[in-house]
2 protein chains.
Amino acid sequence: MSVSTRDRILDAAERLFAEQGFHLTTLRQITQSADANLASVNYYFGSKQELIRAIFRRRLDALNAARLERLDATERQTSRPDLEAVLEAFVEPALEFTRGGDAEGQRFMQLLLRAFADRDAALHAAMRQEYAHVMRRFADAVSNALPDADPGRLRHQLDFIVGALTLTMAESALKDTRIIAAELVQFAAAGLRGSLENRIPESARRTLEATS
Amino acid sequence: MSVSTRDRILDAAERLFAEQGFHLTTLRQITQSADANLASVNYYFGSKQELIRAIFRRRLDALNAARLERLDATERQTSRPDLEAVLEAFVEPALEFTRGGDAEGQRFMQLLLRAFADRDAALHAAMRQEYAHVMRRFADAVSNALPDADPGRLRHQLDFIVGALTLTMAESALKDTRIIAAELVQFAAAGLRGSLENRIPESARRTLEATS
DNA sequence: GCTCGATTCAAACAACCGTTTCAATGCTAC
DNA sequence: GTAGCATTGAAACGGTTGTTTGAATCGAGC
């Protein structure tokens with residue numbers, strides 16, 4: 001029993017939230033699974049809502065720190081990392097989360113997906129803020145690898161990648177994730193490079209003109 | 001009052017579910033908003049869970065039908081539509097959902113995102129099944145536009161596109177969706193074409209070998 | 001105009017929720 | 001050991017949930 005009650009609650013809650021969702025998971029389930037008293041959640045975290053935020057802060061900090069560290073390492077090796085290397089620094093830490101332990105990381109990916117789906121404005125803003133720091137770093141790195149890219153579009157494109165990453169990681173079976181991550185990096189790199197041609201498909205332009 | 005009570009319940013429930021999530025939305029809110037009695041939900045649908053599935057069936061049927069119809073039209077025009085045209089047939093019906101009425105479609109996109117996040121196995125399986133039909137059609141169309149594509153990868157890449165579409169449509173502000181959809185088509189087309197080169201990035205191959 | 005099935009209604013049900021309370025216990029420092 | 005604070009414990013609170021019930025109302029068919 002070297003782990004504190006607080007940590008046991010965090011672990012149990014994270015697992016249950018990922019499996020069942022936030023609202024379906026009850027404090028009674030959490031405390032029972034953590035071998036703690038029902039009142040201890042409110043004692044340590046104040047409320048259920050604040051427990052959720054604490055869980056997110058813990059994992060998101062770790063994930064984003066790993067991403068930045070990986071990007072730092074790449075930039076230390078080469079002053080001008082190519083596009084694939086930058087994308088890997090973003091994608092692979094998420095992948096390693098999925099691989100560590102047994103399915104623990106995949107659960108967190110599902111948790112992340114739930115956070116995207118939820119309309120909790122406070123949680124959403126906190127996540128965006130937590131991400132903003134990292135996104136700016138990666139946007140710079142991509143700009144560096146792709147000097148002619150349009151910065152305005154880049155933000156949208158990074159959102160595409162986050163969406164593809166989050167949804168596929170949360171959905172896919174465990175053993176496939178390595179291959180999928182490699183494919184995603186390749187796909188995203190080609191997508192980013194392809195936008196350089198700045199070619200708006202004719203049919204899309206047609207649609208845009210028809211409605212403006 | 002030409003619309004039936006059943007339909008008023010479906011509309012009100014869809015709106016509330018998208019705004020607040022499934023579990024936060026109560027039958028009392030739904031029936032009050034639909035000018036119906038509390039018991040009417042259980043009368044018409046049996047339970048809350050079956051109401052949710054009815055809502056999904058209704059909209060997903062319409063969305064996928066619109067996509068197939070659009071693809072049919074494109075293929076009728078040209079026997080061999082280019083990649084962008086195929087992607088637009090997939091993306092734009094979702095976009096039109098977002099534009100119709102006032103924000104009604106965007107709400108459904110958020111609903112879709114919630115369905116992805118939820119672990120309701122039955123709902124999930126039903127959605128996959130509902131999608132399978134459409135995905136096969138579009139995979140064929142993409143294969144036709146890109147004859148050298150690897151069919152195995154294609155499935156993953158279509159999942160990427162669905163993820164990017166769903167997450168960004170659910171997140172973005174209303175007025176931006178048209179531009180974002182055009183950018184997504186362009187990004188996805190470039191990503192698909194880029195995979196033809198079959199080039200696995202060196203650093204990714206390094207990672208794959210290190211762990212196998 | 002009456003009947004019978006479909007629909008609506010108000011009310012109640014049992015179950016569960018997050019939170020609070022307050023006494024009991026554990027642990028550290030003097 | 002004992003004072004004082006942090007932690008745990010059992011129980012209860014007020015409130016809300018989905019569902020059920022049984023009577024009231026409606027509306028078409030004969």
Side-chain angles (χ1 to χ4, degrees), chain A residues 1-58 111 114-115 117-124 126, chain B residues 1-58 111 114-115 117-124 126:
Chain A
M1 276 299 164
S2 61
V3 287
S4 66
T5 302
R6 212 189 107 101
D7 284 339
R8 288 204 315 277
I9 291 177
L10 278 174
D11 288 336
E14 184 182 63
R15 182 174 56 85
L16 288 168
F17 281 148
E19 285 174 359
Q20 310 174 341
F22 299 119
H23 303 300
L24 275 181
T25 303
T26 71
L27 294 186
R28 283 168 177 82
Q29 283 181 309
I30 293 171
T31 50
Q32 186 175 342
S33 169
D35 260 322
N37 189 268
L38 169 63
S40 54
V41 166
N42 290 280
Y43 176 75
Y44 281 110
F45 300 95
S47 70
K48 186 184 182 179
Q49 194 63 230
E50 290 178 54
L51 167 64
I52 294 175
R53 298 206 188 134
I55 289 174
F56 260 90
R57 221 172 296 126
R58 180 173 71 151
L111 209 66
R114 287 186 196 284
D118 262 356
R119 265 293 190 87
D120 181 340
L123 178 62
H124 224 82
Chain B
M1 277 300 163
S2 62
V3 286
S4 67
T5 301
R6 212 189 106 101
D7 285 338
R8 288 204 315 276
I9 290 177
L10 278 174
D11 289 337
E14 183 182 64
R15 183 173 56 84
L16 288 167
F17 282 148
E19 285 174 358
Q20 310 173 342
F22 299 119
H23 304 300
L24 276 180
T25 302
T26 71
L27 294 185
R28 283 167 179 81
Q29 283 181 309
I30 293 171
T31 51
Q32 186 176 341
S33 169
D35 261 321
N37 188 267
L38 169 62
S40 53
V41 166
N42 289 281
Y43 176 75
Y44 281 109
F45 300 95
S47 68
K48 185 185 182 180
Q49 195 62 229
E50 290 178 54
L51 167 63
I52 293 176
R53 299 209 187 132
I55 289 174
F56 261 90
R57 219 172 298 126
R58 180 174 69 154
L111 210 65
R114 288 186 195 282
D118 261 355
R119 265 291 192 88
D120 181 339
L123 178 62
H124 224 84

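To find a chain, count down the sequence lines: A is the first, B the second, and so on, and within it residues start at 1.
The distance from atom CG of L16(B) to atom CD of Q32(B), rounded to the nearest 0.5 Å, is 10.0 Å. Annotation: the span from I52(B) atom CD1 to E14(B) atom CD amounts to 12.0 Å, rounded to 0.5 Å. To the nearest 0.5 Å, atoms CD (E19(A)) and CG (L111(A)) are separated by 11.0 Å.
When all heavy atoms of I30(A) and A12(A) are compared, the pair lying nearest together is O-CB, 4.0 Å.
In the set dT8(C), dG18(C), dT17(D), the nucleotide with an atom closest to the side chain of R28(A) is dG18(C). Comparing dT17(D), dC17(C), dT8(C) by their nearest atom to the side chain of N37(B) picks out dT8(C). In this structure, of dT21(C), dT17(D), dT7(D), it is dT21(C) that holds the atom nearest to the side chain of A39(A). Nearest nucleotide to the L27(B) side chain, out of dG9(D), dG18(D), dA11(D): dG18(D). Side-chain atoms of L38(B) lie closest to dT19(D) of the nucleotides dT19(D), dG18(C), dT8(D).
Dashed line: the shortest gap from a side-chain N or O of S40(A) to OP1 or OP2 of dT8(D) is not under 4.0 Å. Considering only side-chain N and O atoms, Y44(A) lies under 4.0 angstrom from the phosphate OP1 or OP2 of dT8(D).
Distance I52(B) CD1 to dT17(D) C1': 14 Å, rounded to the nearest Å. What separates CZ of R8(B) from P of dT7(C) is a distance of 13 Å, to the nearest Å. Between the P atom of dT8(C) and the CD1 atom of I30(B) lies a distance of 16 Å, rounded to the nearest Å. Atom C1' of nucleotide dT20(D) and atom NZ of K48(B) are separated by 17 Å, given to the nearest angstrom. Across the protein-nucleic acid pair, N42(B) atom CG and dT8(C) atom P stand 14 Å apart, rounded to whole Å. Summarising the geometry, the separation between CG on L24(A) and P on dA15(C) is reported as 19 Å, rounded to the nearest angstrom. Summarising the geometry, the separation between CG on L16(B) and C1' on dT17(D) is reported as 16 Å, rounded to the nearest angstrom. We find that CD1 of I9(B) is positioned 11 Å from C1' of dT8(C), with the value rounded to whole Å.
Residue T31(A) is out of contact with every strand shown, counting any heavy-atom pair closer than 4.0 Å.
Mapping V41(B) and A36(A) onto DNA chain D by nearest heavy atom places A36(A) at the nucleotide closer to the 5' end. When each of G46(A) and Q29(A) is assigned the nucleotide of DNA chain C with its nearest heavy atom, Q29(A) is the one assigned upstream, toward the 5' end.
The number of heavy-atom neighbours closer than 6.0 Å to CD of Q29(A), taken from other residues, nucleotides and ligands shown, is above 12.
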